[in-house]
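Reminder, nothing fancy here: chain letters follow the sequence lines and each chain counts from 1. The model shown is predicted, which means the values in this text are computed figures rather than measured ones.
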There are 2 protein chains.
Amino acid sequence: MSAPRWLDDDQQRAWRAYLRMQGRLSAALNRQLQASCGLSLADYDVLVHLTDAAEGRLRPYELQRALDWEQSRLSHHLSRMHRRGLVEREECAEDGRGAFVVLTEAGREAITTAAPGHVETVRNLFFDVLSPDQVDALQRLATQVLTRLDAATGE
Amino acid sequence: MSAPRWLDDDQQRAWRAYLRMQGRLSAALNRQLQASCGLSLADYDVLVHLTDAAEGRLRPYELQRALDWEQSRLSHHLSRMHRRGLVEREECAEDGRGAFVVLTEAGREAITTAAPGHVETVRNLFFDVLSPDQVDALQRLATQVLTRLDAATGE
DNA sequence: GGCAGATACATGATGCATCATCTTCTGTCG
DNA sequence: CGACAGAAGATGATGCATCATGTATCTGCC
């Protein structure tokens, strides 16, 4: 940490632009989801994963890994979603500690209603201004950083 | 909104990778700052802007625009930073409604202490795995999206 | 001068994210 | 078998983000 290598001008600009974009983009997406159907981006993600799963059932720990969330965040979040009737909890026969999270009818309906508008917003605000090359570059970039993050947390 | 245009596979992959990267990256940066000096990323941003300003003083509304935050978020945040002794509030002579936020000694010291480690982490987790071209591409991409966001909120 | 609307900022309520900690159960090794 | 490490999950406390709303002040216009 001696002689802290600062960021050069290009990096500085890129970093600031990235931070600003990410803040405003997630704010905009959250607002749209919230306004149109009372869901947060986090709710949406949970629901998407449950919808993809067989019978809309998953063990919390599977959900946790799929979402890359902290365990306690997921647990709290599921409590709130349960309170709102979006998911149900069930006991797990094979593992006495465990549980299942199950999509309710209301949950399925919520995601079905929410999805088109959300996707449309993602398009409007993001993909519509990007070329296919840029999309590809972004995917590469994100993957590289994720690999680095995996390495860093595994250290 | 009829016939909702879905995202194609490349976009899907890019979007998921982006979301995942941004979630983990900001979590990692927050953790590092929090652990090393008790600041959040948000605190850091506020302090950076104050440090850049003449005499470490700014009107809240200037800070708000510089940060692209909601007004109420900033107000609450400044209250908490005040409670922790990082900033001071002062009355504004020219405008009776207004105020000034002033960096305290503790605030200046906090950012000075935090900066090297934070920059080092940003490098380690992000820029070290990217080529200059990728940095450039990111800056372009973010700028384009920001322009779109500006247009969308102005509508 | 005085009033209408806009601007600067604060506040209370609510949901969200993280940390530290607790409970219950499983699997393994002696 | 029994002990015990570790996994699955819940929970309380705290700080953060947003919404709705409130108050004081300013500015422009008649």
Whole-Å distance between C/dA20 C1' and B/Q34 CD? 14 Å

So if I take the C1' atoms of five pairs at each end of the helix from C/dG1-D/dC30 to C/dG30-D/dC1 and get each local axis, what angle do the two axes make, rounded to 10 degrees? 10°

For the atom pair CD (B/Q34) and OH (B/Y44), what is the distance rounded to the nearest 0.5 Å? 14.5 Å

At less than 3.5 Å, do the side-chain atoms of A/Q71 and the base atoms of D/dA10 form a donor-acceptor pair? yes

B/S79 and B/R89: side chain donor to acceptor below 3.5 Å: yes

From CG of B/L78 over to P of C/dC9, roughly how many Å is that when rounded to an integer? 10 Å

Are side-chain heavy atoms of B/V87 and B/L50 found at a separation under 4.5 Å? yes

Rounded to the nearest angstrom, tell me the gap between atom CH2 in B/W69 and atom P in D/dC19. 15 Å

Could you tell me whether A/R148 and B/D128 make a salt bridge, using a distance below 4.0 angstrom between a side-chain N and a carboxylate O? no

Answer yes or no: is there a side-chain heavy-atom contact under 4.5 Å between B/L138 and B/F126? yes

Residues in contact with DNA chain D, drawn from residues 82-110 of chain B - heavy-atom cutoff 4.0 Å: B/D95, B/G96, B/R97

Please confirm whether the shortest side-chain N or O distance from B/R31 to OP1 or OP2 of C/dT18 is below 4.0 Å. no

Heavy-atom pair with the smallest gap, counting every atom of B/L39 and B/A114: CD1-CB, 3.8 Å

Return the value, rounded to whole Å, for the distance between atom CZ of B/R24 and atom C1' of C/dT18. 16 Å

Interatomic distance, OH@A/Y61 vs CG@A/L58, rounded to 0.5 Å, equals 10.0 Å

Separation of D/dA17 C1' from B/N30 CG (nearest whole Å): 13 Å

B/H118 side chain near B/V48 side chain, heavy-atom distance below 4.5 Å: no

Could you list by number each residue of residues 42-68 of chain B showing a heavy-atom separation from DNA chain D of less than 4.0 Å, or answer none if no residue does? none

Under 4.5 Å between any side-chain heavy atoms of B/L141 and B/Q144, yes or no? no

Separation of A/E70 atom CD from D/dA10 atom P, in whole Å? 15 Å

If you define the side chain from C-beta out and look only at heavy atoms, does anything of B/W69 sit under 4.5 Å from B/V46? yes

Would you say B/R13 and A/T143 make side-chain contact, with heavy atoms under 4.5 Å? no

Base, sugar-phosphate or nothing for A/H76? Non-hydrogen atoms, less than 4.0 Å. base

Would you mind reading off the distance between A/R80 atom CZ and D/dA10 atom P, rounded to a whole angstrom? 13 Å

N/O donor-acceptor pair, side chain B/S72 with base D/dC19, under 3.5 angstrom: yes

Side chains of A/S40 and A/D43: donor-acceptor distance under 3.5 Å anywhere? yes

Nearest-Å distance, CG (B/L33) to P (D/dC16)? 12 Å

